[in-house]
Amino acid sequence: MPQESASAQQLVPQEPNALRRYALKSAQPRRGLVDFDSELNDEQRAVALSPQGPTLVIAGAGSGKTRTLTYRVARLIEEGVAPDRILLLTFTNKAAREMMARVAALCRIDGRKLVGGTFHHVAHGLLRDHGSRLGYGDRFGLLDREDVKELMASATADLGLGVGQRRFPRADVLVDLYSTAVNTQRPIADVLARERPQFGALEEEILRVARRFAERKTQMNAMDFDDLLMNWKRLLVEVPQTCQALQGKFDAILVDEYQDTNLLQGEIVDRMAALHRNALVVGDDAQSIYSFRGAHFENILAFPERYPDCRQFKLTVNYRSTPQILALANHSIACNARQFPKQLSACREDGVLPALVPLRDVHQQAEFVAQRILELREEGIPLRETAVLYRAHHHAMELQMELARRGIPFYVRAGVRFFEQAHIKDVLAHLRFVQNPLDELSFKRVVKLAPGIGAASADALWSRLEIWAGQGRDPRMELSRAELDQLVPPKARPGLAKLRGALGRLSAPSMRSQPSEMVRFVLDEAGYREALKIRYSNFQAREDDVRQLADYALQAESLEQLLGDLSLLDSLEGEDVIEGSDPDERLVLSSVHQAKGLEWRAVFLVWLADGRFPSAPALKDEGGEEEERRLFYVAVTRARDELYLCYPLMHEEQDRARVLMKPSRFLDELPTRPHPPYEKWAIEVESAPPRLTE
């Protein structure tokens with residue numbers, strides 16, 4: 001029998017049933033496979049190859065930030081840093097997965113070994129290992145947004161609050177207050193005083209609800225998304241042994257979109273990096289536009305103060321836009337005092353100058369945008385490569401109507417069309433019931449806005465009104481009958497009485513001839529403004545939408561005309577737009593905030609009038625003007641080839657007076673010598689507008 005080889009003998013157990021262990025070694029990263037010289041420009045290469053240590057990278061728009069960060073991770077691995085000791089923090093899990101996949105391909109490694117994701121994703125993993133140190137069980141639950149709202153409502157009910165108190169904030173408003181306090185690291189009382197002063201008299205009750213909410217989560221052994229970050233920080237502050245373990249777990253920390261981090265996230269990064277100080281943060285201070293979500297601008301601005309020995313780099317080579325678009329962007333952002341100054345330079349060849357387009361009013365603005373979009377389509381720029389951007393959602397109202405009239409398909413990015421929004425439908429329901437007292441859906445929508453009236457009470461009320469309508473009576477007139485009070489709970493009767501009075505006044509012939517006044521009456525006198533404050537955390541934006549609807553209604557000579565136009569819009573959206581077009585061939589409408597990180601060949605910026613863009617409320621805040629200018633900068637740098645800056649010269653206000661609009665200060669401050677960074681267009685009225693042709 002031939003003698004077995006030594007290697008073979010090692011794989012065979014020497015005794016029956018003996019267990020032999022076999023060590024599977026991970027493949028080592030292959031060094032020197034990444035060609036940094038040919039695949040990166042000089043600025044990007046300097047970042048990727050920089051020595052380890054605290055590093056700040058100011059990455060201008062379209063400068064290849066993601067690519068640079070990917071190659072930086074690859075460089076760390078080439079230098080011997082184990083993949084599982086690199087922490088990559090991003091603002092979407094998708095971005096982290098894409099980046100880790102690219103690193104894995106570059107370095108020929110298993111990308112699953114890299115640790116990356118959003119702050120919340122990483123916190124969840126760390127707390128699964130260490131949450132017991134804070135008193136949580138091994139299998140704590142994670143509450144989503146709906147769970148949190150339901151639990152907040154339960155906490156309110158536990159304390160007997162909110163019942164019969166019309167002004168007590170709803171659960172989702174309380175959740176937003178709580179979340180803001182956590183992420184900005186401010187007491188709830190301070191957040192309440194600054195952002196919800198109308199609830200100031202209820203401060204003690206709201207604080208009690210917050211405490212009960214926290215107790216309920218503890219009883220359930222559960223965390224919400226805000227707790228994930230807060231508890232990550234608590235581990236770093238309150239549990240020294242765990243703090244050392246977490247700080248020692250990673251040799252390098254990289255943070256993407258650092259300008260969007262809030263105060264809590266900034267503190268977590270600093271504490272995690274306290275041991276090795278090997279933190280590289282990438283962001284653009286000129287694109288910090290999310291203060292309303294709690295983003296803390298000082299995180300990026302004061303990074304060199306917190307790390308005096310940090311290395312600073314700038315990525316200024318832009319691969320997206322033409323030199324002409326970048327020139328305008330550079331001139332604009334240079335007006336900000338608090339920033340890291342930089343000048344974006346273009347790789348692309350010359351293009352056309354941005355167009356500055358004054359229009360007679362918002363209706364001509366809509367006509368121009370729609371017509372020019374069709375012309376660009378004929379010139380080879382498809383609808384999907386074109387976007388209309390605006391400061392606030394209601395700025396697209398007239399445009400949506402014009403696009404529908406011309407059969408131009410569009411979709412609103414990360415939102416619903418203006419007339420489909422809940423608060424707009426609430427207001428219009430009042431008007432629709434006044435016009436058609438047999439409109440069951442509108443009546444039920446309106447009556448359920450009254451405190452204490454739910455679906456059951458609304459059904460009962462309509463059943464009685466329907467009986468009277470069958471007898472030839474007008475339901476609007478029958479609302480005054482006292483017997484209807486018996487169909488709703490006692491607490492709902494004051495609200496029902498107020499609704500009766502409001503609908504009665506709206507039904508007056510003098511009011512029905514002024515649909516704009518009807519909208520304003522619903523908001524200011526029928527109680528809907530108070531309902532907005534109680535129902536929505538962003539009530540101010542919704543109130544602005546309703547006031548814009550009132551302005552739009554000025555062009556209608558009667559209630560019937562206004563509602564007829566809106567019905568026509570629904571018809572056009574359903575027939576010409578959706579069915580008659582390629583579903584992929586749609587124009588994009590978006591707020592500037594929703595457009596960040598995206599790009600299009602042609603971009604139209606509308607409503608560039610002072611008080612609209614920049615927003616008048618934002619100008620009241622400290623640093624508000626500079627953030628609004630950063631928002632304008634973000635909008636401009638979304639355009640690759642063509643940019644149109646549009647504003648109305650006149651606007652019709654509440655009393656039908658035509659008010660002269662002032663161009664946005666961001667336009668006025670652009671230089672005019674030796675020549676402006678734009679060309680001015682003069683609009684002439686000719687023939688009928690074109691429609692979309694297949």
Side-chain angles (χ1 to χ4, degrees), residues 360-366 392-402 404-405 418-439 441-443 445-447 449-450 474-480 497-532 539-540 542-570 607 611-612 648 650-661:
R360 182 186 64 242
D361 54 26
V362 292
H363 305 294
Q364 190 179 73
Q365 177 178 252
H393 195 53
H394 59 256
H395 290 166
M397 183 173 57
E398 292 84 4
L399 177 61
Q400 289 189 29
M401 184 70 79
E402 184 66 24
R405 286 195 186 105
F418 183 85
F419 296 104
E420 295 171 357
Q421 297 176 103
H423 51 293
I424 298 299
K425 294 177 76 172
D426 285 345
V427 173
L428 290 175
H430 288 76
L431 277 59
R432 293 185 192 279
F433 179 68
V434 167
Q435 183 204 29
N436 176 16
L438 300 180
D439 187 336
L441 296 180
S442 292
F443 172 78
R445 187 178 190 103
V446 169
V447 78
L449 293 172
D474 187 336
R476 294 171 300 188
M477 302 298 102
E478 303 306 317
L479 276 173
S480 59
K498 184 171 184 177
L499 177 62
R500 285 175 178 146
L503 291 174
R505 290 186 60 184
L506 286 169
S507 299
S510 59
M511 183 72 85
R512 292 181 60 176
S513 65
Q514 303 180 75
S516 176
E517 288 304 311
M518 295 180 74
V519 173
R520 294 184 190 278
F521 178 85
V522 172
L523 179 65
D524 296 326
E525 299 185 50
Y528 192 62
R529 188 170 187 271
E530 292 303 310
L532 286 176
F539 75 92
Q540 186 62 62
R542 293 175 186 260
E543 179 184 342
D544 290 344
D545 285 347
V546 177
R547 296 198 183 281
Q548 190 71 18
L549 174 64
D551 288 346
Y552 177 80
L554 285 168
Q555 65 181 317
E557 297 179 357
S558 66
L559 174 60
E560 288 71 20
Q561 181 185 342
L562 174 65
L563 296 180
D565 285 347
L566 299 184
S567 297
L568 176 64
L569 174 63
D570 291 339
W607 262 110
R612 303 310 205 275
M650 306 288 291
H651 184 57
E652 194 170 9
E653 299 288 354
Q654 178 177 355
D655 57 1
R656 292 186 179 271
R658 293 181 67 80
V659 178
L660 181 65
M661 304 296 293

J.: Evaluate the ring planes of His363 and Tyr552, with Trp represented by its six-membered ring, and classify them as parallel (under 30°), tilted (30 to 60°) or perpendicular (over 60°).
T.: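 Because their plane-to-plane angle lies in the 30° to 60° range, the rings of His363 and Tyr552 count as tilted.
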J.: Pair Met650, Val659 - check side-chain contact (heavy atoms from CB on, under 4.5 Å), show working.
T.: CA-CA 5 Å; Met650 306 288 291; Val659 178; over 6 Å; no
J.: Between CG of Leu449 and NZ of Lys498, what distance do you get to the nearest 0.5 Å?
T.: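 So the gap between those two atoms works out to 12.0 Å.
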J.: Are Asp545 and Gln548 side-chain neighbours, meaning at least one heavy-atom pair lies under 4.5 Å?
T.: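 Asp545 vs Gln548: side chains apart.
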J.: In Å, rounded to the nearest 0.5 Å, how long is the span from CG of Leu554 to CD of Gln514?
T.: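 Rounded to the nearest 0.5 Å, the CG-CD separation comes to 9.5 Å.
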J.: Does a donor on one side chain sit under 3.5 Å from an acceptor on the other, for Gln540 and Asp544?
T.: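 Gln540 vs Asp544: donor-acceptor pair found between side chains.
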J.: Indicate the atoms forming the closest heavy-atom contact of Arg612 with His395, along with that distance.
T.: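 Closest approach of Arg612 to His395: O-CE1, 3.7 Å.
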J.: Side chains of Phe433 and Arg476: closer than 4.5 Å at any heavy-atom pair?
T.: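 The answer is yes, as the side chains (C-beta and beyond) meet within the 4.5 Å cut-off.
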J.: Shortest non-hydrogen contact from Phe521 to Leu506?
T.: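 Taking every non-hydrogen atom into account, CD2-CD2, 3.6 Å.
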J.: Write down the atom of Glu402, the atom of Ala366, and the distance for their closest heavy-atom approach.
T.: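 Looks like CG-O, 3.7 Å.
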J.: Measure across Val519 and Val546 and return the closest heavy-atom pair with its distance rounded to 0.1 Å.
T.: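 Scanning both residues completely, I find the closest heavy atoms to be CG1-O, 3.6 Å.
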J.: How about Asp361 and His651: do any of their side-chain heavy atoms sit closer than 4.5 Å?
T.: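 No, too far: nothing below the 4.5 Å cut-off.
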J.: Does the ring center of His394 lie less than 6.0 Å from the ring center of Trp607?
T.: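 So the answer is no for these two rings.
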J.: Which atom pair, heavy atoms only, marks the closest approach of Met511 to Arg505?
T.: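 Result for this residue pair: CB-O, 3.6 Å.
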J.: Where do Leu428 and Leu549 land on the side-chain contact (heavy atoms from CB on, under 4.5 Å) test, with the steps shown first?
T.: CA-CA 10 Å; Leu428 290 175; Leu549 174 64; 4.1 Å; yes
J.: Check the pair Leu499 / Val446 against side-chain contact (heavy atoms from CB on, under 4.5 Å), numbers first and verdict last.
T.: CA-CA 9 Å; Leu499 177 62; Val446 169; 3.4 Å; yes
J.: Are Asp426 and Val522 side-chain neighbours, meaning at least one heavy-atom pair lies under 4.5 Å?
T.: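 They are not in contact (no side-chain heavy atoms under 4.5 Å apart), so the answer is no.
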J.: Output the distance between atom CD (Glu543) and atom NE2 (His423), rounded to the nearest 0.5 Å.
T.: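 Interatomic distance, Glu543 CD to His423 NE2, rounded to 0.5 Å: 10.5 Å.
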J.: Quick one: do Arg547 and Asp524 make a salt bridge, cutoff under 4.0 Å?
T.: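 Salt bridge: yes.
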J.: Nearest 0.5 Å, please: how far is CG in Leu562 from CZ in Arg432?
T.: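 Rounded to the nearest 0.5 Å, the CZ-CG separation comes out at 8.5 Å.
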J.: Going from CG on Leu431 to CG on Asn436, what distance comes out if it is rounded to the nearest 0.5 angstrom?
T.: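 It is 12.5 Å, given to the nearest 0.5 Å.
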J.: Between Ser442 and Ala429, what is the shortest heavy-atom contact and its length?
T.: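 Closest approach of Ser442 to Ala429, heavy atoms only: CB-O, 3.5 Å.
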J.: Can you check whether Val434's main-chain N or O pairs, donor with acceptor, with Ser507's side chain at less than 3.5 Å?
T.: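 No: the side chain of Ser507 does not pair with the backbone of Val434.
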J.: Roughly how far, to the nearest 0.5 Å, is CE of Met397 from CD1 of Ile424?
T.: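 Spacing of CD1 (Ile424) from CE (Met397) equals 7.5 Å.
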